Amino acid sequence: MSNSYEVVILNQRLVLKTENDENHVRHVTEYVNRVFDDIKGQAQNVSTQNIAILGALNIAEQMLLREENNKKIVTDWKNRLQNLLQSRL
């Protein structure tokens with residue numbers, strides 16, 4: 001079942017339809033607004049469109065870095081487990 005939530009991002013009211021609950025939507029909205037607010041605080045006279053583009057790039061970069069880090073952690077644990085299993089054989 002899809003839920004609808006009204007959120008405000010960059011002073012724009014938007015209606016989101018999602019399977020997620022209200023707490024998740026609020027958390028995501030607060031995160032996105034924090035990223036945009038950081039950009040607004042660092043650069044004066046930046047258009048809303050440029051704030052949105054820079055924010056999207058920042059969020060994508062953070063996501064990709066975390067994804068790479070998670071892959072390294074999984075690979076490291078797989079290697080550790082494999083070494084542990086081999087040492088017991």
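None of the values given here were measured: they were computed from a predicted structure. Heads up: numbering here begins at 1 and tracks the sequence.
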Contacts of Arg34 that satisfy salt bridge (Lys or Arg N to Asp or Glu O under 4.0 Å) - sequence neighbours left out: none
Partner of Ile9 under side-chain contact (heavy atoms from CB on, under 4.5 Å), chosen from Leu16, Leu14, Val28: Leu14
Lys/Arg-Asp/Glu bridge criterion (N-O < 4.0 Å) met for Lys72, Glu68: no
For the student: nearest non-hydrogen atoms of Ala52 and Leu10, plus distance: CB-CD1, 4.1 Å
Backbone of Val46 reached by a side-chain donor or acceptor of Asn50 within 3.5 Å: no
Greater than 12 external heavy atoms within 6.0 Å of Asn69's CG: yes
Cluster companions of Ile53 among Ile, Leu, Val, Met, Phe, Trp, Tyr (side-chain spacing under 4.5 Å): Leu57
Trace of the side-chain contact (heavy atoms from CB on, under 4.5 Å) decision for Val15 with Tyr5: CA-CA 5 Å; Val15 176; Tyr5 302 99; over 6 Å; no
Spatial distance of atom CG (Asn58) from atom CZ (Phe36) [nearest 0.5 Å]: 9.0 Å
Atom pair NZ/OG of Lys17 and Ser2 - distance to nearest 0.5 Å: 6.5 Å
Atom CD of Gln49 with >12 non-hydrogen neighbours under 6.0 angstrom: no
Backbone N/O of Val8 and side chain of Asn33: donor-acceptor pair under 3.5 Å: yes
Pairwise distance CG(Asn3) to CD(Glu22) - rounded to 0.5 angstrom: 9.5 Å
From Ile51 atom CD1 to Asp37 atom CG, the distance as rounded to the nearest 0.5 Å: 8.5 Å
Distance in Å, Asn11 CG paired with Thr48 OG1, rounded so as to fall on 0.5 Å steps: 7.5 Å
Atom pair CG (Leu64) and CZ (Arg66), whose distance is rounded to the nearest 0.5 Å: 11.0 Å
Arg26-Asn23 side chain donor-acceptor pair, cut-off 3.5 Å: yes
